[in-house]
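The chains referred to below are lettered A, B, ... by the order of the sequence lines, with proteins before strands, and numbering in each begins at 1.
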Amino acid sequence: MANVRPVSELAEHSTDVAQRILGSILHGPHGSGRIVETEAYGGAEDPASHAARGLTPRTEPMFGPAGVLYVYLIYGMHHCANVVTGASGDGQAVLIRAIEPVTITDKMREARPKARRDVDLANGPGKLCAALGIDRRHDRLDLTNNESMVRLDLRTPVAASHVVQTTRIGLSVAQDTPWRWYVSDSPAVSRK
DNA sequence: CGTTTGATGCTCT
DNA sequence: GAGCATCAAACGG
């Protein structure tokens, strides 16, 4: 019963879920934080998505049910965390790009030794995975299961008046598609 | 300040 | 073998 509502809210298009989960809490092995920046990926029309070229061993989680965690390694050293959305077979996900730390632990600080301010602990997709202790081992976890090492605690979405929509970061294609959203008054957004 | 570049390894062609 | 949904240090003005 407790998990019925979350799954249905995540089973929509990635562009809807990306906005809806701003303000929700992401919990990892090292701590937790409030989601303040997201990007939508997927759908057959998105060439920037890992799912654009069909199902592969790596992207298989994206084609599964909503509410699952998709984690991949980027540039050989950083991890990125995504929430799978849509219906099974769609190949959609929302990349979590930044969180404001809520529960800060010693493990979190040890994983991010370069961060001087708390706000720098997780203000980027690779940084947040390091801070929360998320890596490939957590790929395919059910984010809506209270027993999971990584889970998404859905909260009231941030009001649209406090949300900015822009283009996604770091892409070589689809650079004009405005599928990135962030909380305008958050100090933990990666870039404005 | 701003921009550029090196690190590092997995994934798919 | 090329290309990354990145980060931080090293530049230059």
Side-chain angles (χ1 to χ4, degrees), chain A residues 10 13-22 26 28 30 33 35-64 66 68-86 90-101 108-141 143 150 152 164-183 187-192:
Chain A
L10 297 175
H13 196 273
S14 58
T15 53
D16 294 321
V17 177
Q19 297 166 76
R20 178 167 309 187
I21 65 176
L22 290 175
L26 183 65
H30 295 173
I35 297 171
V36 295
E37 180 181 349
T38 58
E39 284 177 359
Y41 286 91
E45 333 74 22
D46 181 15
S49 171
H50 288 178
R53 289 167 213 173
L55 191 154
T56 68
R58 179 182 63 158
T59 63
E60 187 187 325
M62 283 188 74
F63 291 88
V68 164
L69 179 68
Y70 167 49
V71 181
Y72 63 88
L73 182 68
I74 188 67
Y75 296 114
M77 61 194 90
H78 303 293
H79 293 277
C80 289
N82 301 256
V83 180
V84 174
T85 72
D90 285 355
Q92 300 181 26
V94 171
L95 170 66
I96 312 298
R97 281 199 57 91
I99 62 173
E100 286 177 4
M108 194 183 284
R109 294 196 192 281
E110 288 167 16
R112 295 277 308 131
K114 308 281 174 54
R116 298 189 157 260
R117 309 171 302 163
D118 288 351
V119 116
D120 296 323
L121 284 168
N123 59 344
K127 297 176 190 177
L128 114 223
C129 283
L132 293 181
I134 297 172
D135 59 40
R136 216 57 172 299
R137 299 194 307 269
H138 307 293
D139 188 35
R140 301 164 185 255
L141 277 184
L143 288 166
V150 184
L152 181 62
V164 174
Q165 177 177 9
T166 62
T167 54
R168 296 174 292 185
I169 292 177
L171 303 183
S172 59
V173 295
Q175 295 173 336
D176 296 331
T177 302
W179 282 7
R180 171 176 176 247
W181 291 267
Y182 65 84
V183 179
V189 171
S190 68
R191 286 167 53 179
K192 307 194 178 182

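In this structure, A/L22 CG and A/I99 CD1 are separated by 13.0 Å, a value rounded to the nearest 0.5 Å. For the atom pair CG (A/L128) and CZ (A/R97), the distance works out to 9.5 Å, reported to the nearest 0.5 Å. A distance of 13.5 Å separates OH in A/Y41 from OG1 in A/T15, rounded to the nearest 0.5 Å. Here CG of A/D139 is found 11.5 Å from CG of A/L73. Values are rounded to the nearest 0.5 Å. Atom SG in A/C129 sits 11.5 Å away from atom CD1 in A/I74 (nearest 0.5 Å). A/L132 contributes atom CG, which lies 9.5 Å from atom CG of A/L121 (distance to the nearest 0.5 angstrom).
Residues forming a side-chain contact (heavy atoms from CB on, under 4.5 Å) with A/K192 (at least two apart in sequence, or on another chain): A/Y182, A/V189. For A/P47, the side-chain contact (heavy atoms from CB on, under 4.5 Å) partners at least two apart in sequence or on another chain are A/V173, A/A174. Under the salt bridge (charged side-chain N to carboxylate O under 4.0 Å, His left out) criterion, A/R116 pairs with no residue, sequence neighbours left out.
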Under 3.5 Å, which protein N or O atoms sit close to an N or O of nucleotides 4-10 of chain B? Give each pair with its distance.
unit_1	atom_1	unit_2	atom_2	d
B/dT8	O2	A/Y75	O	2.4
B/dG9	O4'	A/G76	O	3.4

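Contact check of residues 112-126 of chain A against DNA chain C (heavy atom, cut-off under 4.0 Å) returns A/R112, A/K114, A/G124, A/P125, A/G126. Shown for residues 171-182 of chain A: residues whose heavy atoms fall under 4.0 angstrom of DNA chain C, namely A/L171, A/S172. Residues from residues 47-56 of chain A with heavy atoms under 4.0 angstrom of DNA chain C, sorted by number: A/A48, A/H50.
Using a distance-only test at 3.5 Å, with no hydrogens or angles considered, a donor-acceptor pair links the side chain of A/S49 to the main chain of A/A51. Of the possible polar contacts, one joining the A/Q165 side chain to the A/P178 backbone as a donor-acceptor pair under 3.5 Å is found. Checked by atom type and distance alone, the side chain of A/R112 pairs as donor or acceptor with a backbone atom of A/D120 at under 3.5 Å. A distance-only check finds no donor-acceptor pair linking the side chain of A/S190 to the backbone of A/G124 [under 3.5 Å].
Applying the salt bridge (charged side-chain N to carboxylate O under 4.0 Å, His left out) rule to pairs touching residues 123-132 of chain A yields nothing, sequence neighbours excluded. Among pairs with a residue in residues 68-79 of chain A, those fulfilling side-chain hydrogen bond (donor to acceptor under 3.5 Å, both in side chains) read A/H50-A/Y70, at least two apart in sequence or across chains. Sorted by first and then second residue, the salt bridge (charged side-chain N to carboxylate O under 4.0 Å, His left out) pairs involving residues 40-59 of chain A (not counting sequence neighbours) are A/D46-A/R168.
Bracketed by its first and final contacts, the part of DNA chain C lying under 4.0 Å from non-hydrogen atoms of chain A reaches from C/dC4 to C/dA9 in 5' to 3' order.
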Item to check | DNA chain C base-pair string [pairs: Watson-Crick or G-U under 3.5 Å; |: paired with another strand] | outcome: ||||.|||||||.
Next on the checklist: A/R191 vs A/E37, test: salt bridge (Lys or Arg N to Asp or Glu O under 4.0 Å). Steps then yes/no.
Outcome noted: CA-CA 9 Å; A/R191 286 167 53 179; A/E37 180 181 349; over 6 Å; no
